[in-house]
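Step one of this worksheet: look at the structure below.
Quick note: residue numbers are just sequence positions, from 1.
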Amino acid sequence: MPLGTVRPSPLVERVIERLRGEIEGGTWPVGAKLPSETTLADELGVGRSTVREALRALSSAGLVRARQGAGVFVTATRPAEEWPDRLRRAALADVYEVRMLVEAQAARLAAQRRTDEDRAALEAAVEARRKASHADDTAFVDADIALHAAVVTAAHNPVLTDLFAEFVPVLRGGLIELLKLTGLRERDTNHGDAAHAALVEAVCRGDEEDAARTLQEELAATLATLRAPDTRAQDPVALDPGAQDPGTHITDASPAAP
């Protein structure tokens, strides 16, 4: 028999809301010590276990922290924001700036560390991207992301791999929208093919600087398009990080790179 989802009791949730409201309202500023569990339980008319659960939730949100033998202290007036949420709220151009730094280093490392298996994967990714040029924008963007993912994978750094993975859902949708807004693929269905082929060739031959430079120039071209006044004005959704991917420079609106 399915167990079902476990949720905090409504009473605990109400206590969380009440305490959070007091913290955000300034009753307890950052650095202030909260009343004891017993005092809070008496004032709120609930049991200590309810207060304890509420404090645990506030601690997870980054609002309070317990100090051994000293009590519970306020550490922030607003809850800590999860990284994926922060990415979704960021401007696409801001995300792209970070993407350039991350992927340029990944390209350098890939040129140093690529294996025969990596070379095969990169060459296959270029061909897959070319085949996707005959498909719609979504398939083309996905193929482009896969190529960039292959470069990052060839760097053999799990932190870079994980960071790239965080960018992908943030960038993907926005880049698809950007292609629609700019109509790049109406003029060239395989936009950015030469730049991507050059990137893979530089990585495969082990030229760190050329790999990093090629990648950076390609992404910089897209970034310039994102910053163009006419692009920003057309559709804010296209610039919303909640819909884009870092491995999708295929969507660059400038001739240098998608």
Side-chain angles (χ1 to χ4, degrees), residues 87-108 110 122 125-126 128-130 132-133 135-152 160 163-203 210-258:
L87 281 177
R88 279 193 292 272
R89 288 197 312 101
L92 180 54
D94 291 338
V95 175
Y96 241 79
E97 288 180 348
V98 178
R99 178 190 175 188
M100 287 173 64
L101 297 174
V102 170
E103 288 199 55
Q105 179 61 15
R108 285 192 183 90
L122 287 165
V126 171
R129 187 178 184 279
R130 286 172 178 159
S133 68
D136 60 18
D137 288 347
T138 298
F140 187 58
V141 167
D142 286 343
D144 184 81
I145 294 172
L147 189 156
H148 282 268
V151 172
V152 175
L160 279 175
L163 186 55
F164 180 86
E166 291 283 357
F167 281 145
V168 169
V170 173
L171 294 172
R172 182 176 179 271
L175 292 174
I176 291 170
E177 286 299 316
L178 186 60
L179 279 181
K180 292 177 182 176
L181 288 174
T182 57
L184 279 178
R185 296 189 66 229
E186 294 175 9
R187 303 188 293 274
D188 178 6
T189 58
N190 195 16
H191 183 68
D193 179 63
H196 287 77
L199 169 62
V200 168
E201 197 274 332
V203 170
D210 194 33
R213 181 174 58 254
T214 300
L215 183 92
Q216 225 164 359
E217 288 175 354
E218 178 205 359
L219 297 184
T222 302
L223 182 58
T225 299
L226 289 170
R227 286 174 171 160
D230 55 338
T231 302
R232 291 200 305 268
Q234 288 186 65
D235 189 349
V237 174
L239 307 183
D240 186 283
Q244 315 184 8
D245 107 287
T248 334
H249 52 269
I250 70 151
T251 54
D252 290 2
S254 77

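Annotation: the span from R129 atom CZ to H191 atom NE2 amounts to 8.0 Å, rounded to 0.5 Å. Taking CD1 of I145 as the reference point, atom CZ of F164 lies at 7.0 Å (rounded to 0.5 Å). In this structure, the separation between CG on L199 and CD on E103 is 8.5 Å, given to the nearest 0.5 Å.
Here the closest non-hydrogen pair linking A139 and A132 is O-CB, 3.8 Å. Here the closest non-hydrogen pair linking A107 and V203 is O-CG2, 4.2 Å.
Residues passing the side-chain contact (heavy atoms from CB on, under 4.5 Å) test with T189, sequence neighbours excluded: S133, R185. Remark: A202 engages R205, D210, A211 in a side-chain contact (heavy atoms from CB on, under 4.5 Å) (not counting sequence neighbours). With sequence neighbours left out, the side-chain contact (heavy atoms from CB on, under 4.5 Å) criterion links V126 to R130, L147, V200.
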I176 and F140: CA distance, side-chain angles, deciding distance, side chain to side chain contact (heavy atoms under 4.5 Å, CB included) verdict
CA-CA 9 Å; I176 291 170; F140 187 58; over 6 Å; no

Side chain to side chain contact (heavy atoms under 4.5 Å, CB included) between D137 and K180: does it pass, once the steps are laid out?
CA-CA 8 Å; D137 288 347; K180 292 177 182 176; 3.8 Å; yes

With side chain to side chain contact (heavy atoms under 4.5 Å, CB included) as the criterion, how do L175 and Y96 come out once you've worked through the C-alpha distance, each side chain's angles and the decisive distance to 0.1 Å?
CA-CA 11 Å; L175 292 174; Y96 241 79; 3.9 Å; yes

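For the side-chain contact (heavy atoms from CB on, under 4.5 Å) with M100, the lone residue among L215, V95, L219 that qualifies is L219.
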